[in-house]
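A quick note: this is a predicted structure, and the numbers were derived from the prediction, not measured.
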Amino acid sequence: MNDFRVLVLYADAERITFKYTRSDTIVDGFGVHVEGINVDPNLLTLYQQADSAGRGNLPALRTRQPFGTAKVNEVKVAVRDNGAFMDPRSRKDWWR
């Protein structure tokens, strides 16, 4: 993706989802979900326009490009790979 690093798969005013490939699906590879933020208004507008136009050209971000600011003192981040969401606090179930 040239010097672009992540594709914006979803965005609203308070959350965003990135994907580290050009594929418009979260099914394969790594995705990152960030909540509790104020998504940059320009980026949100770009996403909404691309989504309305059929998602053929979703916005992408470069390394270290800002995508929003924290709403409060806590931001929630989840990383997803090909498997299901797993909570490392639940070691008895799967973590070894």
Participant: With side chain to side chain contact (heavy atoms under 4.5 Å, CB included) as the test, would you mind laying out the steps for Phe67 and Val6 before giving the verdict?
Facilitator: CA-CA 11 Å; Phe67 55 86; Val6 295; over 6 Å; no

Participant: Checking Ile16 against Tyr10 for the side chain to side chain contact (heavy atoms under 4.5 Å, CB included) test, could you report, in this order, the C-alpha distance in whole Å, the side-chain angles of both residues, the deciding distance, and whether it holds?
Facilitator: CA-CA 6 Å; Ile16 195 162; Tyr10 176 79; over 6 Å; no

Participant: Could I get the full list of side-chain contact (heavy atoms from CB on, under 4.5 Å) partners for Val27, not counting sequence neighbours?
Facilitator: Thr25

Participant: Indicate yes or no: at least one non-hydrogen side-chain atom of Val32 is less than 4.5 angstrom from one of Val77.
Facilitator: yes

Participant: When rounded to the nearest 0.5 angstrom, what distance separates CG in Leu7 from CG in Leu58?
Facilitator: 5.0 Å

Participant: Can you check whether Asp28 reaches Thr21 side chain to side chain, under 4.5 Å on heavy atoms?
Facilitator: no

Participant: Can you run down the side chain to side chain donor-acceptor pair (under 3.5 Å) pairs that involve residues 66-79, sequence neighbours left out, and say none if there aren't any?
Facilitator: Glu14-Lys71

Participant: Hey, any chance Val72 and Ile37 share a hydrophobic cluster, counting ILVMFWY side chains that come within less than 4.5 Å of each other, even indirectly?
Facilitator: no

Participant: If a pair satisfies side chain to side chain donor-acceptor pair (under 3.5 Å) and one of its residues is in residues 45-61, list it, with sequence neighbours excluded.
Facilitator: Asp24-Arg55, Tyr47-Arg55, Asp51-Arg55

Participant: Indicate yes or no: at least one non-hydrogen side-chain atom of Leu61 is less than 4.5 angstrom from one of Leu43.
Facilitator: yes

Participant: State, to 0.1 Å, how close Leu44 and Val39 come at their nearest heavy-atom pair, and which atoms those are.
Facilitator: CB-CG1, 4.1 Å

Participant: Would you say Phe4 ends up clustered with Leu46 if hydrophobic residues are merged whenever their side chains have heavy atoms under 4.5 Å apart, either directly or through other cluster members?
Facilitator: no

